[in-house]
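Below is one structure; the comments refer to it alone.
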Amino acid sequence: MSKKVRLRFAPSPTGGLHLGGVRTVLYNYLFARQHGGEFILRIEDTDQTRLVPGAEEYIIDCLKWCGLEPDEGPHKGGPFGPYRQSERKALGIYEKYARQLVQAGHAYFAFDTPEEIEQMREKFKTPENPSPQYGHALRHRMRNSLHLPEEETLRLLDAGTPYTIRIKVDPSQQVSFTDMIRGQVTFSTDGIDDKVLLKADGMPTYHLAVVVDDHLMEISHAFRGEEWLPSAPVHILLWRYLFGEDKMPHWAHLPLILRPDGNGKLSKRDGDRLGFPVFAMNWTDPKTGEAATGFRERGFLPEAFVNLLAMLGWNDGTNQEIFTMAELIQKFSMDRVHKGGAKFDFEKAKWFNHEWLKQLPATAYSPLVKALFDQQGIPTEVPGAIADEATAKETTADEAADEAAAESAAMESLPIILPGIDNIGIPILGAVPILSDEPAAPPFTHFEKVLELVKDRCTLLPDFVPNAGFFFQRPASIDLAAVQPKWTPAKQLFFVELIRQWQLQPSWGDAHTLEAGFKEMAAAAAIKPGDLLLPLRIMLVGGKFGPHVFDIAALLSRQETIDRVRHTLGLLSESKS
RNA sequence: GCCGCGUUGGUCAAUCGGUUAAGACGCCUCCCUUUCACGGAGGAAUGAGGGGUUCGACUCCCCUACGCGGUACCA
């Protein structure tokens, strides 16, 4: 009788959490939140043979990463626990209802062994009916309490003969319900078999468990994948016999997520074959040792992952494609969910991440990028910054030092970043709304300023390594071939003079100042700035890529910039002779 | 085989009987940029087929085709 909106996600802990699974969670979650309801995690571990250790924790971790945290669940508890069906079975919950059904004549004991059932299928198989069902047409030929003499049933039961309890489905009836996405769906009971409700090991099958638990947990809406549609009539019958059809939750069967090429449900295999993740997070099967990469490890932001999943089968009717979780909660609606499945497009998925990377301030993901850098052994502090900012006086002394020494000294002298010096270059970052009504964003660290500068050209998190790595580590190789052909003594001289100028100026300027000074000098030397810009870029980053060259120099620090120019100048004169 | 669900460009998709059938991704061209991106402007590309209903169908109905899902003591 509860009017409270309550939804559940009910996975079985058998492996990695699939894209489609996360989307099912998402739609459940959005609907629950939008209606001020609750979202429940229930673990359907009724098949003991398929249990995979660690899978439950993994699922919970995935939900957490996605920001789709349940209000109740095995890890959190709640007033409707336990939330694991194996534990509920131990309480005798399912058996009670199964027996109630037998009492009422809606179910019966079946003593057939799996082998006997197999024989039956073999025996009655015809080209027209390749898989005969255990149902109204055939059950009279089987060993069950419907057709065995009562004393024989009692004897078997008494002797402890293994049995299952099956639902008795009467033929020639119409069963229909209203699906929130598809409208009215009708089935005839003729094609429905007598599904097993309680297995020989005492565990319920999904069919019994889902109905009983949805009732006991007062679930108001049940969203699940389309693959469940064919078993809906069994569930409806169970509701009718057990709790009343009018108490049934509102159902919705979500369209499938299809593989990008050809047709069919997206599987982990497709991901491996086509080179993209299918699971939310890394998953290694403890039995086979088989590993699969997840969206998280591939470098997706959870915001982007959720966003792209939301759009795979739903839209708000406008052209908006980028949604925050708050917007999704506000705007999501089941009547705009599609009926048809959607092919997964990894290119579009990457686009979503790119958009999020660009729109979010680097502070939102800099720890993730830093972890990536740490992993690669790339420092995340700027070489030479302290020496440079401290004073300009020692610059000439440094000239004597050879490259290697200068480099390692610079690295070592920088154990920490001084917060004070980080605010200096901020005007470059036009994208940051420094003046707004919102509480002031914390100032960017030097590392974050670098990320802000390069994020436009990063699609996935690991892209920051090649795009920002050179700020902290000298280029492993210098593309000399790009400058050598047009290299002249005049240019050599220019750069020598440039270094001198830089050393002389009282402080290291921002990008604009540096550019102005550079152009002035170029004019004085009568060289087109364009002929000098590329060489400077190569000197600083090693190749023909990266943000504006003076933005790089400004963030690189004076000392490091000079060292890099000098280093390449050396290489150039070496190879000249 | 049977049952159910589905079908608008290569992909995601808008349209809820009347539009030159939006928009996005990807692709191509150009502009911006003394690199690479970002950004901007264009371009190619779509209603599975056949019948109806209607003054008028992408839209409603039927048939066919195709695809998918199910047809387990798996979920």
Side-chain angles (χ1 to χ4, degrees), chain A residues 10-14 44-47 49-50 110 112-114 117-118 121 125-135 162-166 179 181-182 185-188 190-193 195-207 209-210 224-233 253 255-256 258 260-265 308 311-322 335-336 338-352 354-355 358 431 454-459 467 482 528-534 536-538 541 543-549:
Chain A
S12 65
T14 53
E44 309 233 340
D45 55 350
T46 53
D47 186 353
T49 63
R50 297 207 315 157
D112 320 87
T113 64
I117 296 173
E118 189 45 47
R121 292 219 168 90
K125 192 161 74 176
T126 63
E128 296 75 39
N129 184 5
S131 53
Q133 296 180 318
Y134 194 134
Y163 65 88
T164 62
I165 292 181
R166 286 180 178 265
D179 186 282
I181 296 173
R182 290 153 215 281
V185 183
T186 305
F187 299 83
S188 160
D190 289 342
I192 301 170
D193 59 341
K195 291 272 182 233
V196 169
L197 265 20
L198 205 68
K199 303 187 244 185
D201 65 359
M203 278 286 188
T205 58
Y206 173 82
H207 306 295
V210 72
R224 55 177 11 174
E226 190 185 343
E227 67 267 28
W228 288 111
L229 199 46
S231 52
H253 292 86
L256 266 18
L258 277 12
D261 60 334
N263 288 297
K265 213 158 70 162
L308 74 91
M311 302 309 288
L312 223 46
W314 173 86
N315 68 79
D316 76 341
T318 72
N319 283 334
Q320 183 176 351
E321 290 190 277
I322 303 298
D335 21 281
R336 293 200 63 88
H338 288 197
K339 294 182 176 74
K343 291 184 182 180
F344 179 67
D345 180 3
F346 190 54
E347 291 306 315
K348 183 88 186 220
K350 287 194 289 189
W351 175 81
F352 275 104
H354 191 25
E355 290 302 306
K358 283 188 294 182
V454 304
K455 68 182 188 181
D456 278 357
R457 58 208 84 203
C458 298
T459 300
N467 281 298
K528 280 185 289 184
D531 293 342
L532 264 8
L533 247 21
L534 186 66
L536 179 56
R537 168 177 300 281
I538 302 290
V541 316
K544 288 189 267 190
F545 63 95
H548 286 288
V549 71

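Throughout, a chain's letter reflects where its sequence line sits, starting with A, and its residues are numbered from 1.
Contact check, A:R166 against B:C73: a side-chain N or O comes under 4.0 Å of OP1 or OP2. Proximity of A:T46 to the phosphate of B:A75: a side-chain N or O atom is located under 4.0 Å from OP1 or OP2. Here A:K544 does not reach the OP1 or OP2 of B:A37: none of its side-chain N or O atoms lies under 4.0 Å away. Side-chain nitrogen and oxygen atoms of A:H253 include none within less than 4.0 Å of the OP1 or OP2 phosphate oxygen of B:G6.
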For nucleotides 3-5 of chain B, which of its nitrogen or oxygen atoms have a protein nitrogen or oxygen under 3.5 Å away, and what is each distance?
| unit_1 | atom_1 | unit_2 | atom_2 | d |
| --- | --- | --- | --- | --- |
| B:C5 | O2' | A:R182 | NH1 | 2.6 |
| B:C5 | O2' | A:E226 | OE2 | 3.0 |

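Among the atoms of the strands shown, none is found under 4.0 Å from any heavy atom of A:P11. Within 4.0 Å of A:G546, counting heavy atoms only, lies at least one base atom of the nucleic acid. Within the 4.0 angstrom heavy-atom criterion, only backbone atoms of the sugar-phosphate kind lie near A:P127; the bases stay farther away. Residue A:T164 is classed as a base contact, given a heavy-atom separation below 4.0 Å to a base.
If you take atom C1' in B:A21 and the same atom in B:A13, they sit 12 Å apart, rounded to whole Å. Nucleotides B:U59 and B:G6 are separated by 15 Å at their P atoms, to the nearest Å. On the C1' atoms, B:C16 is 32 Å away from B:C27, given to the nearest whole Å. Using atom P as the reference point in both B:G23 and B:G40, the two lie 14 Å apart (nearest Å).
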Do nucleotides 18-33 of chain B as a string where each nucleotide becomes B, S or -: B if the base has a protein heavy atom under 4.0 Å, S if just the sugar-phosphate does, - if no protein is that close.
----BSBB-------S
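By the 4.0 Å N-to-carboxylate-O rule, A:E226 lies too far from A:K265 to be salt-bridged with it.
Remark: B:G26 base-pairs with no nucleotide in the shown strands. Criterion, Watson-Crick or G-U wobble with two distances under 3.5 Å. Across all strands shown, B:C73 forms no Watson-Crick or G-U wobble pair with both key distances under 3.5 Å. Base-pair partner of B:G67: B:C5 (Watson-Crick or G-U wobble, both distances under 3.5 Å).
The shortest distance between side-chain heavy atoms of A:R166 and A:K195 does not fall below 4.5 Å.
In terms of position along RNA chain B, the nucleotide closest to A:R336 lies nearer the 5' end than the nucleotide closest to the other residue of the pair A:R336 and A:D531.
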